[in-house]
Amino acid sequence: MNKVGALMKELRSAELRLARHYRVVADRQATEQDVYYLCRTLALQCETHADDLREMASGFGQKMSARQPGRLSNTLSGVRRRLSASIGQRSVSGLLLLRDL
Amino acid sequence: MSDRVTDVWGERTAFGRGQQWPERVDSYLTVPASNVDRWVQSACVLCSNGCGIDVAVAGDKIVGVRGRAADRVNRGRLGPKGLFGWQANHSRDRLTRPLIRAGGRLKETSWDAAMDLIVQRSRSVMDTHTRLAMSFYTSGQLFAEEYYALTLVARGGIGTPHLDANTRLCTATAEWALVESFGSDGDPGSYTDIDICDTLFLVGHNVAQTQTVMWMRMLDRLHGPDRPALIVVDPRTTPTAREADIHLALRPGTNVALLNGILHELIAHGWVDRNWIDEHTVGYDNLAEVVAKYPPEKVSDICDVPAAQITAAARLLGTGQRVVSTVLQGVYQSHQATAAAIQVNNVNLLRGMIGRPGCAVFQMNGQPTAENTRETGADGTLPGYRNWQNDDHVREIAQAWNVDILQIPHWSPPTHAMEMFRQCENGTIRFLWISGTNPLVSMPELHRIRDILRQERLFVVVSDPFLSETAQIADVVLPTAMWGEKTGCYTNADRTVHLSERAIDPPGEARSDFDIFCDYARRMDLRDKDGAPLIKWTSPEEAWDAFTEITRGRPCDQSALTYDKLRGGSGIQWPCTDTSPQGTERLYSDHVFLTAPDTCESYGHDLVTGALNEADEYRAHDPDGRAMLKAADYTSQHESTDDDYPLQLTTGRSTHHWHTRTKTQRVQLLNATAPEPWVELCQTDADALGITDGDSVRIESRRGRIEAIARLSQLHPGVVFVPFHYGYFDTDDRRAEEHARAANELTRTEWDPVSKQPIFKVTAVRAQKVRSRAHVGSGRPTRAGGIS
């Protein structure tokens, strides 16, 4: 293992963290469709970067396990989306959007 | 003549390269020619081609039509909708009096009562919720003067950022693809380029069915000497694709990958004009770097198209000497719409094939007057292709209207239609005036649109000739005049402007949208900054002159185009100025593009996120009159198929119907060809699902479900097609109650980040047989001459 590999590992977990944040905001703002889809686009971008980093890092002796969708996060995702839909017709949804932005 | 219902394109009049397209005058009269009192000049409004037409009048009725032989667009020809569609004017169920909702039902009332209510509600909404609670959603089928009047009312009078048109659903991507590449909207080419070209590249453009007369022109070349090579990109084997030398039947949603593959091959084989590129474009290195990642083998995996076909298509495009490319809904209503449309511009730019005879790219329009929403600013832009981020541009408009510059909202992007409906949903917008369009059938995810429009807190006004699905839920309905009953201009996809004269009076108390908007401005007492009435004109001609004056010095300059000039003869292509009084056939013939920072219509967007560039950023990379080669990586779509929803739905159009059928359903000859919706599946998928031709099938997405009759046809495996035309005004109670007919029950609320055009062409669905053919009975659609 060398430093480049370790750096890539760190970078990858940062990308994955950012991706998770994007997905959480996406779900919370599911009725603001532009925020929802844009956050998912950006999350996907981060995950692609992470996958690239994982592949590159293996060349530097750094082995990392592949991403796997967690069952808990999938369930939470559904809950967040439903919550978002339930307040979508109220003006308070605008304040919550402001918070996430 | 009624055989022209089935013989859609009529007899061939083949011609060779560079010859003039021969005349062929099509006409349809319901009375002997000797009974016609007069012929009135007009143009067809049942697709975006813009065919010159003469309307036959006997007494107070339209009795037929005839193509104008002198017209440069159609040389006398008409398609089935043009020949027969006018009969909708005389439908017995036209609206003839205003309606007001009282006790939950719409009741007839007077114009005074209806307009007073609209004005009273406008005022109370503005008092309580400010002008930001007012919104206007118009059509792609009104006239230029009407759009301009609406723009003046909404922007200069009310001062709201919430103004858009149904063209957001059909032509927004055409507009933004042109702006992003060339700095300004405006299609560069001329239809005569089809007469001269040696290669035709049709991307997501089923021209045979959507613009039948343009297809006649292409067919006449394809069947004549020096046949041009034809390349068609479409997941369905449409009548257009059947004529192709190469048909790239790609997987829906993968346009960018395919086009990148073609650009890859153009560059890899040196089929590009490097000198021209260096002189007239910016961004080549970046484009080359991006498309280098798309070799044909990789693209083949993404798009499910043989790699050899991609190379073969690129060879035709790379070695042709005169290439005409066209783009329509297969790109615009799909995933990565603007990014893909721009890559078609890039094909022509890499080859230096623009602004010369036979060399053009057409970002086509969907609707007949879509171009005019873009020029007048009724579609969320500013009049005359002006840039809302450029204060000098906004000041020019404020001066022309004699209003304070702050009256015209330009502190943030104009609200696009999808965002407008979202703001209606969350209660920000409280007043919505819908003119000449039918969102309850045409918008995506209809259950959501129904919920939004039925809210008690939202006041909905609908102006329409018919009691459409949308009119049925309105608070006030205003009966409007149709084409043929009012005067005005409109412009087609090759910038040809036609004047359409009033041939007959509208029925009952129906009024033109122009008169209605002017009346609203008067009753609202909208004034300029000196206290004079905001709208200073009373006739469409005066409005036209005011509009053309505001285009002076802009790319769409029509300052020398008058009603008098448009009377007689043929349509005229803008720019039409004192120095080019007879119009201009092609833009960019000097290869200077409209990208200079002071000229451009927009500073452009990031193609992935839609983020806007700021003026400073743009100036720092000043393209200074050169076209912009913008690259885009292919990204997978957000809603993928899975085990539950394994098929991909694509929606689209048919030959004999127009939009949501408010007109074509009322023309017996047209409606009889397809009175009911259908779903197209390929043989393999149908076999796997136990579905045979004629069965009743349920299509279900994550948002809704519909039932339609199965037609087996040739399309990419895994893809199903449903026409989007059908709503509920002419169906049985059960299906209306269950909302089980309109294709948009299935689609979702997502739009392109740049053009904000909704995505209609990639929805995950599943299909299931509900009744076999034997039990379906009547109502089964008939097939018209080779059209499926």
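Each chain gets a letter, A, B and so on, in the order its sequence line appears, and its residues count up from 1.
- Here B/Lys293 pairs with B/Asp633 in a salt bridge; the nearest charged N to carboxylate O distance falls below 4.0 Å.
- Rounded to the nearest 0.5 Å, atoms CE (B/Met134) and OG1 (B/Thr160) are 7.5 Å apart.
- Looking at residues two or more places apart in sequence or on another chain, you find a side-chain hydrogen bond (donor to acceptor under 3.5 Å, both in side chains) between B/Thr428 and B/Asn426.
- The two residues B/Phe459 and B/Asp475 come nearest to each other via the heavy atoms CA-OD2, 3.4 Å.
- Residue B/Thr635: no heavy atom, backbone or side chain, is found under 4.5 Å from chain A.
- Listed in order of number, the residues of residues 7-32 of chain A that approach chain B to under 4.5 Å between heavy atoms are A/Thr31, A/Glu32.
- Salt bridge annotation for B/Arg450-B/Glu445: absent, with no cationic side-chain nitrogen under 4.0 angstrom from a carboxylate oxygen.
- With sequence neighbours excluded, no residue forms a ring-ring contact (aromatic ring centres under 6.0 Å, His included) with B/Tyr634.
- The heavy-atom pair separating B/Val256 from B/Ala632 by the smallest distance is CG1-O, 3.6 Å.
- Taking chain B as the reference chain and counting heavy-atom pairs below 4.5 Å, the highest number among A/Leu38, A/Leu42, A/Asp34 is found for A/Asp34.
- Aromatic pair B/His264/B/Tyr294: ring centres not closer than 6.0 Å.
- Under 4.0 Å is where a charged nitrogen must lie from a carboxylate oxygen, and between B/Arg168 and B/Glu419 no such pair does.
- Ranked by heavy-atom pairs shorter than 4.5 Å toward chain A, the options B/Arg448, B/Glu425, B/Glu750 are led by B/Glu750.
- Counting all heavy atoms, side chain and backbone alike, B/Ala764 lies closest to B/Thr641 at CB-CA, 4.0 Å.
- Salt bridge B/Asp642/B/Arg702: present, at least one basic N to carboxylate O contact under 4.0 Å.
- The stretch residues 48-58 of chain A places none of its residues near chain B, where near means some heavy atom under 4.5 Å from a heavy atom of that chain.
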